[in-house]
Amino acid sequence: MHWRKALKDMKPYTPGKSIEEVKEIYGLTDAVKLASNENPYGTAPAVQEYFKNMSINFEVYPDGYAGVLRTKMAAKLGVAEDRLIFGSGSDELIVIIARALLGPGTNSIVATPTFPQYAHHAEIEGAQVKEIPLVDGQHDLNGFLQAIDANTSVIWLCSPNNPTGSIINHEDLVDFLGKIPENILVVIDEAYFEYIVDPNYVNTIDLVDQFHNVIVLRTFSKAYGLAAFRVGYGISNSEIITNLDIVRSPFNITTTSLQLAEAALEDDSFIAMCRKLNREQMDRFKEFAEENNLHVFDSEANFMLIEVPMSATEATEKLLGQGYIVRSGDALGVPGYIRVTIGTKSQNDGFLEAFSSLIEGAGLEK
Ligand SMILES: Cc1ncc(COP(=O)(O)O)c(C=O)c1O
């Protein structure tokens, strides 16, 4: 068969273990998943209520224009409706961008480590991927600038970055965008935008106005707690959106998902509550790391990358045995660390206790 060349050296995405699998393997009555940066508080009660009372014409295709959601989102963001694109998760928007702009003879620049889907889809399209290592957990924007050449087509920035949680500060970002040739698309993936509290964080919607080669990606999967329903969106100028819309499949978001996203947009107080609780619980993680002399990256997201006193894989396995599912840094390109989603107070009580026993077991002094 005539498979694309790139597929030969690539592997399908391997999902982490589910709560049910972990319970069965380790003979546990309960397990807590802190591995996928989902919202531990679920979704807004009003969205759950809406879901129960939904009435949908099963046989009718969804609105491929996402009209109602588009109008609501445009008003919320203060942008024109033709500056938005909606995807089946921001994952799908990453695929669409790669498909629209990348191919053999082009290259794409990413940080490393970062969200792996940027490089994954660039490679599938046959583009060269240039990886610029983070410096102290931050995007090395100078390194990005140096990597640009005549064939560079897409630059991917992730802020807050997955897996470090670090943001790109306003001045650095503005300075960087001012130096990027207009024919290169700069993607700013803000999947964790709603969790940011740093008052100096850039308003990227303004940047989309200022620089005509920028697209911002956001999602309903994280703070809005709708990961199961797969809705992401992009904000850019209408020319970029029109080109990306050519690639998008016509009915890419289900009617149920569209309506739930519309309902979720109504409840800002839920988002504010999640942001606040996330911060409170993050402080506990920071204190814990400090008390135990473990390095932790500054995070503006709903997860933290924490040093472990043994190999990341061993730590992950041991935590799994106690019912806590986290991501090993070995799988994320950060050996010696685990990435933990910040859970609810009671989830974190248990997790930090399990983590303590890990440290005691490793014979480290507190
Ligand atoms: C940085 C980043 N971007 C995009 C996504 C994809 O999110 P979704 O496709 O659910 O919108 C994730 C999910 O973990 C992520 O961490």
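Both counts, for ligands and for their atoms, begin at 1 and track the order of listing.
- Within ligand 1, the atoms closer than 4.0 Å to a non-hydrogen atom of C158 are 1 (C), numbered from 1 in the order shown.
- Heavy-atom contacts of G89 reach the following atoms of ligand 1: 8 (P), 9 (O), 11 (O) (cutoff under 4.0 Å).
- The protein heavy-atom contact nearest to atom 5 (C) of ligand 1 is F115 CZ, 3.4 Å.
- Of the protein's non-hydrogen atoms, Y192 OH, 2.7 Å is the one closest to atom 16 (O) of ligand 1.
- Across R218, K222, Q117, heavy-atom proximity to atom 14 (O) of ligand 1 is greatest for K222.
- A salt bridge is defined here as a Lys NZ or Arg NE, NH1 or NH2 lying under 4.0 Å from an Asp or Glu carboxylate O, and K52 with E49 meets this definition.
- Under the side-chain hydrogen bond (donor to acceptor under 3.5 Å, both in side chains) criterion, S357 pairs with Q322, sequence neighbours left out.
- Applying the 4.0 Å criterion to heavy atoms of S221 picks out, from ligand 1, the atoms 8 (P), 10 (O), 11 (O).
- A salt bridge links K345 and D349; the closest N-O separation between the charged side-chain nitrogens and carboxylate oxygens is under 4.0 Å.
- In terms of polar-atom proximity, D189 is counted as a contact of ligand 1, with an N or O under 3.5 Å from an N or O of the ligand.
- Y26 OH: more than 12 foreign heavy atoms inside a 6.0 Å radius.
- Among the atoms of Y118, none of the N or O lies under 3.5 angstrom from an N or O of ligand 1.
- Counted within 6.0 Å of CD on E280, heavy atoms from surrounding residues, nucleotides or ligands total more than 12; the atom is thus considered enclosed.
- Ligand 1 has a nitrogen or oxygen under 3.5 angstrom from a nitrogen or oxygen of D91.
- Between D209 and R83 a salt bridge is recorded (basic side-chain N to carboxylate O distance below 4.0 Å).
- Listed by first and then second residue, the side-chain hydrogen bond (donor to acceptor under 3.5 Å, both in side chains) pairs involving residues 73-82 are T71-E81, K76-D268 (not counting sequence neighbours).
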